[in-house]
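Structure, as structure tokens:
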Number of protein chains: 2
Amino acid sequence: MLKGDLMSLPNKSTPDLQSCPIRDVLDRIGDQWSFLILLELQDGVRRFSELNRAIDDVSKQMLSRTLKRLEQDGFVHRQLYPEIPPRVEYRLTELGRSFLVPLNALVAWADAHHSTIRNCRKTYDAAP
Amino acid sequence: MLKGDLMSLPNKSTPDLQSCPIRDVLDRIGDQWSFLILLELQDGVRRFSELNRAIDDVSKQMLSRTLKRLEQDGFVHRQLYPEIPPRVEYRLTELGRSFLVPLNALVAWADAHHSTIRNCRKTYDAAP
DNA sequence: CGGCATCCCCAGAGATACTG
DNA sequence: CAGTATCTCTGGGGATGCCG
């Protein structure tokens, strides 16, 4: 039952975080914006400003940084049209699309269990 | 295709992060330790010190804080045995176990695509 | 329009020490 | 053993402004 995968989690004797797949991946896309961008791109191509508007509480600074990292890791493809004014389009790569599967599973789980979690918090906080 | 779920992602007009399930959930378990703890607990009951040893680069400070949050959110059950010296056992709740499904999907994905990602980074960084 | 550079600031992680 | 308390400090994110 994923024993093999878990064995590749050994924090023991592997001070290098990069060597642990899940830690390496989550350190990159576990931030506040990455997954929102990926979800936004799942419907197709988006321009920078479109993403900025779609995720309305992200600054263009963070959007820029996050997109660059996603591009760097191969989740996203960046296409520049050298027009004036410049136009840039972002789309998911094959890798990025494949990531949508586990990501959407997570979204579905969160959606299904959110109210339960919120109730747990209330109960917990109500206790002395 | 999960359109319904995506519509519940609207950052627009919902300044309250709590109201977005996936953001709320990921803000809590998207940190560096939560998912490692959950994975460690999937094999059964663990004592505090066992977790501390299993995840060898977590401080007991952070382990304690993270466990408390996981308990608060209902992922983990904490059982105190009032002995001397004290003994505390942690185990997954039903909710916690259900979360293992999407989590393990993510682990499997990371495991399968980690080398691809690392190659992408190299290629990207090599480019001028 | 897209995106860096710069400055600032604070939540959060580490270190250390103490307690039931 | 299983935490909590306090302090410190850093790095990641916001705000602002400039550039091609």
Side-chain angles (χ1 to χ4, degrees), chain A residues 11 15 17-18 23-24 26-37 40-41 45-73 76-91 124-125 127-128, chain B residues 11 15-18 20 23-24 26-37 40-41 45-73 76-91 124-125 127-128:
Chain A
N11 324 87
L17 295 190
Q18 310 290 74
R23 294 187 76 173
D24 189 24
L26 284 192
D27 273 2
R28 302 283 279 216
I29 60 94
D31 67 283
Q32 196 168 172
W33 309 118
S34 294
F35 73 95
L36 286 175
I37 294 173
E40 188 60 33
L41 287 177
V45 176
R46 290 284 183 277
R47 296 185 57 167
F48 184 88
S49 50
E50 288 176 326
L51 290 171
N52 209 162
R53 252 173 286 118
I55 308 171
D56 78 338
D57 54 348
V58 70
S59 65
K60 62 179 186 173
Q61 171 92 285
M62 281 314 296
L63 182 57
S64 177
R65 287 183 194 171
T66 308
L67 281 168
K68 180 178 257 178
R69 261 204 336 226
L70 290 175
E71 187 196 0
Q72 190 175 15
D73 285 6
V76 159
H77 175 72
R78 177 179 184 273
Q79 179 138 12
L80 167 68
Y81 297 89
E83 311 165 347
I84 294 189
R87 179 163 55 105
V88 180
E89 286 181 351
Y90 292 93
R91 79 191 67 220
Y124 187 96
D125 293 341
Chain B
N11 323 88
D16 180 14
L17 296 189
Q18 310 290 74
C20 172
R23 295 188 75 172
D24 190 23
L26 284 192
D27 272 2
R28 303 283 278 215
I29 61 94
D31 68 285
Q32 196 168 173
W33 309 117
S34 294
F35 74 96
L36 287 175
I37 294 173
E40 187 60 31
L41 288 177
V45 176
R46 291 284 183 277
R47 297 185 57 168
F48 184 87
S49 51
E50 289 177 324
L51 290 171
N52 208 162
R53 251 173 286 118
I55 307 170
D56 79 338
D57 54 348
V58 71
S59 66
K60 62 179 186 172
Q61 171 94 279
M62 282 314 295
L63 182 57
S64 177
R65 287 183 194 171
T66 309
L67 281 168
K68 181 179 257 177
R69 259 202 339 224
L70 290 175
E71 188 197 359
Q72 190 174 17
D73 285 7
V76 159
H77 175 72
R78 177 180 184 272
Q79 179 138 11
L80 166 68
Y81 297 88
E83 310 165 350
I84 294 188
R87 180 163 55 104
V88 180
E89 287 182 350
Y90 292 93
R91 78 192 66 220
Y124 188 96
D125 294 340

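Letters A, B, ... are given to chains in the order of the sequence lines, protein chains preceding strands, and every chain is numbered from 1.
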Once you round it to whole Å, what is the distance between [atom2] of [N] and [atom1] of [X]?
X: B:Arg46; N: D:dG3; atom1: CZ; atom2: P; result: 16 Å
X: A:Asp57; N: D:dG13; atom1: CG; atom2: C1'; result: 12 Å
X: A:Arg28; N: D:dG12; atom1: CZ; atom2: C1'; result: 14 Å
X: A:Gln32; N: C:dG12; atom1: CD; atom2: C1'; result: 14 Å
X: A:Glu50; N: C:dG2; atom1: CD; atom2: C1'; result: 13 Å
X: B:Ile84; N: C:dG20; atom1: CD1; atom2: C1'; result: 8 Å
X: B:Trp33; N: C:dA13; atom1: CH2; atom2: P; result: 9 Å
X: A:Glu89; N: C:dG3; atom1: CD; atom2: P; result: 12 Å

>> Looking at every non-hydrogen atom in both residues, tell me the closest pair between A:Trp33 and A:Asp57 and how far apart they are.
In response: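 In this case the closest contact between A:Trp33 and A:Asp57 is CH2-O, 3.3 Å.
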>> Please find the pair of heavy atoms, one from A:Glu50 and one from A:Val45, that lie closest to each other, and give the distance.
In response: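 Taking A:Glu50 first and A:Val45 second, the nearest heavy atoms are OE1-O, 4.2 Å.
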Does [X] make a side-chain N or O approach to OP1 or OP2 of [N] shorter than 4.0 Å?
X: A:Tyr90; N: C:dC1; answer: no
X: B:Ser59; N: C:dA13; answer: no
X: B:Ser49; N: D:dA2; answer: yes
X: B:Arg87; N: D:dA2; answer: no

>> Looking at A:Arg65 and A:Asp31, is any side-chain nitrogen of the basic one under 4.0 Å from a carboxylate oxygen of the acidic one?
In response: no
>> Using a strict threshold of under 4.0 Å (side-chain N to carboxylate O), is an ion pair present between B:Arg87 and B:Glu83?
In response: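 B:Arg87 and B:Glu83: salt-bridged.
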> Heavy atom of residues 62-71 of chain A under 4.0 Å from DNA chain C: which residues?
Replying inline: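 Output list: A:Ser64, A:Lys68.
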> How long is the span from the CD atom in B:Glu89 to the CZ atom in B:Arg46, to the nearest 0.5 Å?
Replying inline: 10.5 Å
> Would you say A:Leu80 has more than 12 foreign heavy atoms packed within less than 6.0 Å of its CG?
Replying inline: yes
> Checking all strands, does B:Gln61 fall into the base, sugar-phosphate, or nothing category for heavy-atom contacts under 4.0 angstrom?
Replying inline: base
> Should B:Gln72 and B:Arg28 be marked as a side-chain contact (heavy atoms from CB on, under 4.5 Å) after you check the CA-CA gap, both sets of side-chain angles, and the distance that decides it?
Replying inline: CA-CA 11 Å; B:Gln72 190 174 17; B:Arg28 303 283 278 215; 3.5 Å; yes
> If we only count heavy atoms from C-beta on, is the A:Leu51 to A:Leu36 side-chain gap below 4.5 Å?
Replying inline: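 Of all side-chain heavy-atom pairs linking A:Leu36 with A:Leu51, none is under 4.5 Å.
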>> Can you confirm whether A:Tyr90 sits close enough to A:Glu40 that some side-chain heavy atom of one is under 4.5 Å from a side-chain heavy atom of the other?
In response: no
>> Over the length of the helix from C:dC1-D:dG20 to C:dG20-D:dC1, how much do the five-pair end axes diverge, rounded to 10 degrees?
In response: 50°
>> Quick check for you: among D:dG3, C:dG2, C:dC1, whose closest atom lies nearest to any side-chain atom of A:Lys60?
In response: C:dG2
> Considering only side-chain heavy atoms of B:Arg78, which listed nucleotide, C:dA5, D:dA2, C:dA15, is closest?
Replying inline: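 Side chain of B:Arg78 sits closest to D:dA2.
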> Given A:Ser34, which of A:Ile29, A:Leu67, A:Val76 fulfils the side-chain contact (heavy atoms from CB on, under 4.5 Å) condition?
Replying inline: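 Exactly one candidate clears the test, A:Ile29.
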